[in-house]
Amino acid sequence: MKGSVLVLGGTGFIGSHLIRRCSEIGFKCVSLSLKRNFIKENLNNVSYLNIDIRDFSELNKALKDIKFDYVINLSGYINHASLFHNGIDTYNTHFQGLLNIISSINLNHVKKFIQIGSSDEYGNTQAPQNERTREDPITPYSLAKLSCTNLLKMLHKTEGLPIVVFRLFLVYGEGQKIDRFLPYIIKSCLRKEKFLTSYGDQIRDFCYVGDIIDGILASFTNQEVNGNIINLASGIPISIRSIIYKVVENVGYGEPQFGKIKYRLQENMRLYADIEKAKKLLNWDPKVNLDEGLEKTINYYKKNLF
């Protein structure tokens, strides 16, 4: 057995891929999530806990006597709502949830605490965003992610906690919730529907989930990454309009209604990553190009939508 892994948010899109890969290579895994596990597969050495990370009492009771070598925090949810429209709950879920996590586990045993951050922490800064960029959060969600980053950086400096923060850009692949951007586009095309979208001028960075898992795993025994913020992304910019056309072309159907959805308030129109730091520190480079990744993803939904 290679060691023990705790994945907060292990039944989510990225978390379920990570749990599966860790199980395959010999780790003992614990998934802790608010929602139950609906994955219909038998994974070796995986156990599932259904606990709300905002409930410190239940969290502490479940985790205090277990020693974990690696902790990956994928908990919380993406919500771009303003402060007074559910934004306070979003902030508290992420930041108070992290406080509860680090107060409940035996940090002395942890070899690596991996926080999954977000490109949204960069806010409206100039592209390509790199890890030296001064963050500029514009939503409670992005502020919560940045607060978590700064808390863990402080713990690294003051307590020696071996942390790394990965800032993910747009991750896609098999099993993502159907209401997310690419699954929504793919579903609409497969069902030969008209679908609403913005004008699609935003420039974004899409990275296949398998490559993201490779990057996370590469950090486990890498001591150079401790205390660092690292972008994980493709590093290749593409417009939202272009990726919609790629899906339409691949599927052969779909009628995008461009301009029917407004851009978000203060939305960064150019958000794509500089990934040189990941290449240097992790010896990591995305292997799956966008066309290949889209093919895999579209084939998954062809099999699972109908």
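None of the values given here were measured: they were computed from a predicted structure.
Here ring pair (Phe, Tyr, Trp, His ring centres under 6.0 Å) pairs that include residues 270-293, with residues two or more places apart or in two chains, number zero. Listed by first and then second residue, the salt bridge (Lys or Arg N to Asp or Glu O under 4.0 Å) pairs that reach into residues 209-236 are Arg21-Asp214, Asp214-Lys287, sequence neighbours excluded. Within the structure, side-chain hydrogen bond (donor to acceptor under 3.5 Å, both in side chains) contacts touching residues 173-198 (residues at least two apart or in different chains) are Glu174-Tyr208, Ser198-Gln202. Under the ring pair (Phe, Tyr, Trp, His ring centres under 6.0 Å) criterion, the residue pairs touching residues 226-247 are Tyr245-Phe258, with sequence neighbours excluded.
Under the salt bridge (Lys or Arg N to Asp or Glu O under 4.0 Å) criterion, Glu292 pairs with no residue at all, not counting sequence neighbours. When the salt bridge (Lys or Arg N to Asp or Glu O under 4.0 Å) test is applied to Lys61, the partners found at least two apart in sequence or on another chain are Glu58. Asp291 pairs by the side chain to side chain donor-acceptor pair (under 3.5 Å) definition with Lys246, not counting sequence neighbours. Legend: residues meeting salt bridge (Lys or Arg N to Asp or Glu O under 4.0 Å) with Arg54, ordered by chain and number and at least two apart, are Asp52.
Leu232 places none of its side-chain heavy atoms less than 4.5 Å from the side chain of Ile275. For the pair Tyr77/Thr90, a side-chain contact is recorded, criterion being any heavy-atom separation below 4.5 Å from C-beta on. Contact annotation: the side chain of Leu98 approaches that of Leu152 to within less than 4.5 Å [non-hydrogen atoms, C-beta and beyond]. For the pair Ile66/Ser4, no side-chain contact is recorded, criterion being any heavy-atom separation below 4.5 Å from C-beta on. Considering only heavy atoms from C-beta on, Ile229 comes within 4.5 Å of Lys153 through its side chain.
With rounding to the nearest 0.5 Å, the separation of CG in Asn60 from CG in Asp65 is 8.5 Å. For the atom pair Leu63 CG and Leu32 CG, the distance stands at 5.5 Å (nearest 0.5 Å).
Nearest heavy-atom pair across Leu305 and Ile178 is CD2-CD1, 3.8 Å.
By the rule that hydrophobic residues join a cluster once side-chain heavy atoms approach within less than 4.5 Å of another member, Val71 and Leu151 end up as members of one cluster.
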Could you pull out all donor-acceptor pairs under 3.5 Å where a side-chain atom in residues 110-120 meets a protein atom, sequence neighbours excluded?
from   : atom 1 : to     : atom 2 : distance (Å)
Lys112 : NZ     : Ser219 : O      : 3.3
Lys112 : NZ     : Asn222 : O      : 2.7
Lys112 : NZ     : Asn226 : OD1    : 2.5
Gln115 : OE1    : Asn73  : ND2    : 2.8
Ser118 : OG     : Asp120 : N      : 2.9

Contacts under 3.5 angstrom, residues 155-171 side chains, donor-acceptor by atom type, not counting sequence neighbours:
from   : atom 1 : to     : atom 2 : distance (Å)
His156 : ND1    : Leu161 : O      : 2.9
Thr158 : OG1    : Met154 : O      : 2.8
Arg167 : NE     : Glu121 : OE1    : 3.1
Arg167 : NE     : Glu121 : OE2    : 3.4
Arg167 : NH1    : Tyr122 : OH     : 3.4
Arg167 : NH1    : Glu135 : OE2    : 3.4
Arg167 : NH2    : Glu121 : OE1    : 2.9
Arg167 : NH2    : Glu135 : OE2    : 2.8

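In this structure, Met269 shares a hydrophobic cluster with Tyr199, Tyr263, the cluster being traced through Ile, Leu, Val, Met, Phe, Trp and Tyr side chains under 4.5 angstrom apart. The hydrophobic cluster containing Tyr141 also includes Ile78, under a criterion of side-chain heavy atoms closer than 4.5 Å among ILVMFWY residues, counted directly or through chains of members.
Taking the six-membered ring for Trp and thresholds of 30 and 60 degrees, Phe95 and Tyr91 have ring planes inclined between 30 and 60 degrees apart.
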